[in-house]
Protein chains: 2
Amino acid sequence: MKMNSPAAVEALGALAQEHRLALFRLLVQAGAAGMPAGAIAKELKIPNSSLSFHLAHLTRAGLIQQRREGRSLIYTADYEAMNSLVSFLMENCCGGATCAPEAACGDDAAQPQGKVSA
Amino acid sequence: MKMNSPAAVEALGALAQEHRLALFRLLVQAGAAGMPAGAIAKELKIPNSSLSFHLAHLTRAGLIQQRREGRSLIYTADYEAMNSLVSFLMENCCGGATCAPEAACGDDAAQPQGKVSA
DNA sequence: GAACTATTTCGACGATCATAGAAATATCGC
DNA sequence: GCGATATTTCTATGATCGTCGAAATAGTTC
């Protein structure tokens with residue numbers, strides 16, 4: 001995915017909030033298995049309506065994705081977007097000197113290993 | 001540097017703004033040489049007062065640092081803070097599977113190579 | 001198709017943020 | 001100390017954001 005300034009601002013803004021940051025990190029750690037909205041709300045201890053607002057915010061920013069599974073909506077972190085964001089932030093780091101691996105995660109390493117009560 | 005949730009929220013919030021993001025990336029690319037406030041204002045085409053606001057914001061978030069050089073204040077990106085932030089974001093990525101280099105930039109690679117009119 | 005569960009949308013409130021001109025502060029060179 | 005340059009603080013205004021109860025929507029099961 002190609003990252004640009006407006007998209008990066010949107011993504012960073014989405015992450016710049018306590019609940020959304022915790023939410024995103026939760027999904028990052030959950031791996032490809034993801035988590036249903038209800039479980040997230042319970043984990044983060046916030047009302048469903050608030051969670052929904054934050055989920056929509058992160059989704060709009062392209063940081064997480066949604067899939068339906070039964071009557072639950074499962075959310076997963078978008079590792080590609082995360083990597084793009086990080087790469088964008090570090091672009092030409094240190095004036096072009098080769099110094100950053102520029103991050104890479106999930107593209108082919110995100111195997112499901114978490115528990116999901118599906 | 002140890003990163004925690006409030007600090008990460010502050011850092012992300014600082015970056016979640018068009019001008020500040022451009023400013024930070026400019027400094028990231030400027031390397032250890034950094035840039036004086038005036039040059040930044042000219043580069044980003046924003047009023048001094050606005051720039052000062054944004055510089056203070058990024059400084060408070062711990063993402064940039066300031067040093068005096070003559071009558072100019074030189075700002076530099078704090079690569080360590082940037083790396084900490086990225087690492088925090090990717091912590092236990094993919095459920096602990098080894099997949100991310102977790103970023104590294106500047107700690108010993110940020111050699112001055114830009115021009116500074118000192 | 002009705003009862004049930006999971007999740008989202010609506011609405012209203014208070015709080016925080018971005019902007020930029022004008023005035024104040026700091027440093028320099030003489 | 002004075003004039004000049006560099007940067008910050010002050011101040012005011014409009015805009016955006018986070019919260020969460022209540023109602024609405026979507027999907028499941030029988």
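Letters A, B, ... are given to chains in the order of the sequence lines, protein chains preceding strands, and every chain is numbered from 1. If you're wondering where the values come from, they're calculated on a predicted model, not measured in any experiment.
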Whole-Å gap separating [atom2] ([N]) and [atom1] ([X]):
X: Arg60(B); N: dT16(C); atom1: CZ; atom2: C1'; result: 11 Å
X: Ile40(A); N: dA6(C); atom1: CD1; atom2: C1'; result: 13 Å
X: Glu69(A); N: dA26(D); atom1: CD; atom2: C1'; result: 16 Å
X: Lys42(A); N: dT5(C); atom1: NZ; atom2: P; result: 13 Å

Quick one: does [X]'s side chain have a donor or acceptor within less than 3.5 Å of a partner on [Y]'s backbone?
X: Tyr79(A); Y: Val28(A); value: yes
X: Arg25(B); Y: Phe88(A); value: yes
X: Arg68(A); Y: Leu73(A); value: no
X: Gln17(B); Y: Arg20(B); value: yes
X: Arg67(B); Y: Ile74(B); value: no
X: Ser87(B); Y: Asn83(B); value: yes
X: Ser84(B); Y: Glu80(B); value: yes
X: Thr59(A); Y: Leu55(A); value: yes

Filtered N/O pairs between nucleotides 16-19 of chain D and protein, under 3.5 Å:
unit_1: dG18(D); atom_1: OP1; unit_2: Arg20(A); atom_2: NH1; d: 3.3
unit_1: dG18(D); atom_1: OP1; unit_2: Arg20(A); atom_2: NH2; d: 2.6
unit_1: dG18(D); atom_1: OP2; unit_2: Arg20(A); atom_2: NH1; d: 3.3
unit_1: dG18(D); atom_1: O3'; unit_2: Gln17(A); atom_2: NE2; d: 3.4
unit_1: dT19(D); atom_1: OP1; unit_2: His19(A); atom_2: ND1; d: 3.3
unit_1: dT19(D); atom_1: OP2; unit_2: His54(A); atom_2: NE2; d: 2.6

Show each protein N/O and nucleotides 5-8 of chain D N/O combination with a separation under 3.5 Å, one pair to a line.
unit_1: dT5(D); atom_1: O4'; unit_2: Arg71(B); atom_2: NH1; d: 3.3
unit_1: dT7(D); atom_1: OP1; unit_2: Ala37(B); atom_2: N; d: 3.2
unit_1: dT7(D); atom_1: OP1; unit_2: Leu73(B); atom_2: N; d: 3.3
unit_1: dT7(D); atom_1: OP2; unit_2: Gly38(B); atom_2: N; d: 2.6
unit_1: dT8(D); atom_1: OP1; unit_2: Tyr75(B); atom_2: OH; d: 2.3
unit_1: dT8(D); atom_1: OP2; unit_2: Ser52(B); atom_2: OG; d: 3.2
unit_1: dT8(D); atom_1: O5'; unit_2: Ser52(B); atom_2: OG; d: 3.2

